[in-house]
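Okay, structure first, notes after.
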There are 2 protein chains.
Amino acid sequence: MPPRPSAAVTLETAQPPGDTKARLLDAVVQIFAERGFHATSMRAVTQLAGTSVSSANYHFGSKEELLRAALILRAAPLNDLRLKALALVEAGPSEGKVRVRAILEAFVRPLLEARPELKDEGFPGRKLAARLYVDPPDVVKAIQQEVFGPVTVRFREALENAIVDVDPENFDLGLQLSLGVVVHSISGRFIWPDEEEDPSGSKREQAIESIVAFAASGLLALVEEKNSETGNPGASAQ
Amino acid sequence: MPPRPSAAVTLETAQPPGDTKARLLDAVVQIFAERGFHATSMRAVTQLAGTSVSSANYHFGSKEELLRAALILRAAPLNDLRLKALALVEAGPSEGKVRVRAILEAFVRPLLEARPELKDEGFPGRKLAARLYVDPPDVVKAIQQEVFGPVTVRFREALENAIVDVDPENFDLGLQLSLGVVVHSISGRFIWPDEEEDPSGSKREQAIESIVAFAASGLLALVEEKNSETGNPGASAQ
DNA sequence: GTCTATATGTTGATAGAC
DNA sequence: GTCTATCAACATATAGAC
């Protein structure tokens with residue numbers, strides 16, 4: 001067998017320089033997003049990253065910590081974008097249904113829009129975020145809470161303020177279903193247009209708007225339904 | 001240590017009579033629904049069923065076949081209920097939005113309602129169905145397609161007929177998001193009232209109606225949004 | 001920092017006694 | 001039919017050379 005093509009360049013330690021950590025993070029995002037926590041083995045991750053299991057454990061200590069590191073890296077900028085968008089909406093003059101929709105958009109858009117800041121032009125990072133919400137292991141649930149919990153609470157409060165006369169039970173159900181909409185827009189079988197098929201991003205843009213419209217309409221339908229039962233139709237969001 | 005309490009009753013083969021198969025099916029539904037395919041081990045299942053791994057493999061041949069058997073057992077009656085409910089809606093005189101909502105209800109209600117026919121008064125069977133849609137392994141995806149695919153296609157056609165002037169792209173997205181709503185109403189963190197807290201089932205009933213309302217409103221919002229762009233507002237479902 | 005080699009446990013599946 | 005005993009393959013994690 002011939003030696004590896006680039007083997008003659010340097011006499012150093014075999015594998016590429018010091019970007020092993022970065023390659024591991026990329027690999028874990030990719031594989032974990034596809035297969036979930038339990039179905040993802042350290043072997044698979046380290047093979048994709050072109051390194052060894054022990055190298056991964058040297059850098060991160062354990063499988064769980066590797067996942068947590070990848071998530072914090074991906075989620076921190078996403079959280080920032082969401083909170084900034086929310087602040088803009090709350091500082092603005094919008095009211096009622098328009099505001100509800102704007103808040104949901106502030107939650108959805110940073111996740112679905114192509115964002116170089118997230119160091120993820122493509123899809124794996126989004127899928128990872130979505131998988132957190134459907135993967136059963138306690139480990140994953142804990143990380144999800146840790147990474148996304150506070151921001152989710154912020155959005156919950158914002159929506160609670162934007163909808164007057166909130167019925168707690170329907171509101172909680174509505175929030176969960178809205179989250180289901182967002183998660184399934186990613187983890188389900190809907191095909192997102194890729195960049196070459198949709199260079200202007202207009203198809204993606206339309207999909208984002210549709211998703212926001214779906215969630216907002218559903219959420220408001222719940223509140224309206226409740227209020228129409230109490231004989232107060234249409235006055236739920238003002 | 002004292003002998004097992006019932007050990008003196010018979011001289012037969014140690015474990016209970018011939019309902020091992022049934023106990024295994026119950027156990028796999030319960031555990032798989034909670035943890036997903038890869039995180040569920042044969043040992044965990046067989047321990048819960050009070051038998052051994054080899055016994056399970058004797059009856060079902062493999063882990064995958066055990067899951068498939070459990071699913072077919074649970075899904076067949078669910079499919080029947082859904083198709084019957086759909087037939088009733090299609091034979092009826094409803095039109096437009098009302099019919100769209102009725103079709104969605106025919107899909108949702110048999111899943112969420114307490115149904116003795118499904119041999120599952122409680123929750124595990126529903127959770128299992130929901131998990132099929134979020135569990136990543138190819139095995140699971142294949143079983144889901146096999147078990148639920150045909151009925152899903154039937155409902156898709158029914159909805160396509162009920163909504164005039166369908167925009168294919170938004171329609172597909174809308175269907176997927178609707179499915180996300182249903183799946184998340186089960187697999188998410190919404191707490192369903194249990195039977196003792198809600199003996200009349202009225203809370204559960206209200207939740208089902210809310211879920212249908214959410215999905216119908218979201219789906220129609222997508223179609224209406226599209227049509228209002230083309231200058232034809234409100235004429236999408238008639 | 002990265003590797004090879006290994007430790008230690010668990011997995012799904014099978015063999016064979018009863 | 002059900003069990004105990006066992007298999008080979010896989011899992012995560014660590015030890016130690018370089």
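Only heavy atoms go into these numbers, but all of them, side chains included; no hydrogens, no water, no symmetry mates. We name chains A, B, ... by the order of the sequence lines, and we start the count at 1 in each one.
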TODO: Find the distance A/Leu66:CG to D/dA13:P and express it as a whole number of Å.
DONE: 10 Å
Open item on the list: Once you apply a heavy-atom cut-off of 4.0 Å, does A/Thr46 come out as touching a base, just sugar-phosphate, or nothing?
Closed with: nothing
Open item on the list: If you take any heavy atom closer than 4.0 Å to DNA chain C, which residues from residues 27-37 of chain B end up in contact?
Closed with: none
Open item on the list: OP1 or OP2 of C/dT11 versus the side-chain N and O atoms of B/His38: is any pair under 4.0 Å?
Closed with: no
Open item on the list: I want to check one thing: is the phosphate of D/dT12, taken as OP1 and OP2, less than 4.0 Å away from some side-chain N or O of A/Ser62?
Closed with: no
Task: Closest to the B/Ser52 side chain, choosing from D/dC3, D/dG1, C/dC3 - done: D/dC3
Task: Between D/dT2 (C1') and B/Leu24 (CG): distance, integer Å - done: 11 Å
Open item on the list: Please report the distance, rounded to the nearest Å, between CG in B/Asn57 and C1' in D/dC7.
Closed with: 14 Å
Open item on the list: From CD of B/Gln47 over to C1' of D/dT4, roughly how many Å is that when rounded to an integer?
Closed with: 15 Å
TODO: Look at the side-chain N and O atoms of B/Ser54 and state whether any lies under 4.0 Å from the OP1 or OP2 oxygen of D/dT4.
DONE: no
Task: Rounded distance in Å - CG (A/Leu67) to P (D/dA11) - done: 17 Å
Task: SB check A/Glu205 A/Arg109 (cutoff 4.0 Å) - done: yes
- [ ] Report yes or no: is the cationic atom of B/Lys63 (NZ for Lys, CZ for Arg) under 6.0 Å from the centre of the six-membered ring of B/Phe37, at an angle within 45° of the ring normal?
- [x] yes
Task: B/Met42 and B/Asn57, any side-chain heavy atoms less than 4.5 Å apart - done: yes
TODO: For D/dA11, take OP1 and OP2 only and decide whether either is under 4.0 Å from a side-chain N or O of A/Ser41.
DONE: yes
TODO: Could you state the atom-to-atom distance from CZ of A/Phe60 to P of D/dT12 in whole Å?
DONE: 15 Å
Open item on the list: Would the distance check show the side chain of A/Trp192 and the main-chain N or O of A/Ser185 forming a donor-acceptor pair, the cut-off being under 3.5 Å?
Closed with: yes
Task: Residue pairs fulfilling ring-ring contact (aromatic ring centres under 6.0 Å, His included) with at least one residue in residues 140-160 of chain B, sequence neighbours excluded - done: B/Phe107-B/Phe155
Task: Distance in angstrom units between A/Lys63 NZ and D/dA11 P, rounded - done: 9 Å
Task: Closest non-hydrogen atom pair between A/Ser178 and A/Leu219, with its separation - done: OG-CB, 4.0 Å
- [ ] Would you kindly give the CZ-to-C1' distance between A/Arg23 and C/dT2, to the nearest whole Å?
- [x] 11 Å
Task: Residue mapping more 5' on DNA chain C - nearest nucleotide basis, A/Arg43 or A/Ser55 - done: A/Ser55
- [ ] Tell me which nucleotide among D/dT14, C/dT2, C/dC3 gets nearest to the side chain of A/Tyr58.
- [x] C/dT2
Open item on the list: Any salt bridge linking A/Asp135 with A/Arg35? Criterion: basic side-chain nitrogen under 4.0 Å from a carboxylate oxygen.
Closed with: no
TODO: Could you say whether B/Val53 or A/Glu64 is positioned toward the 5' end of DNA chain D, judged by the nucleotide with the nearest heavy atom to each?
DONE: B/Val53
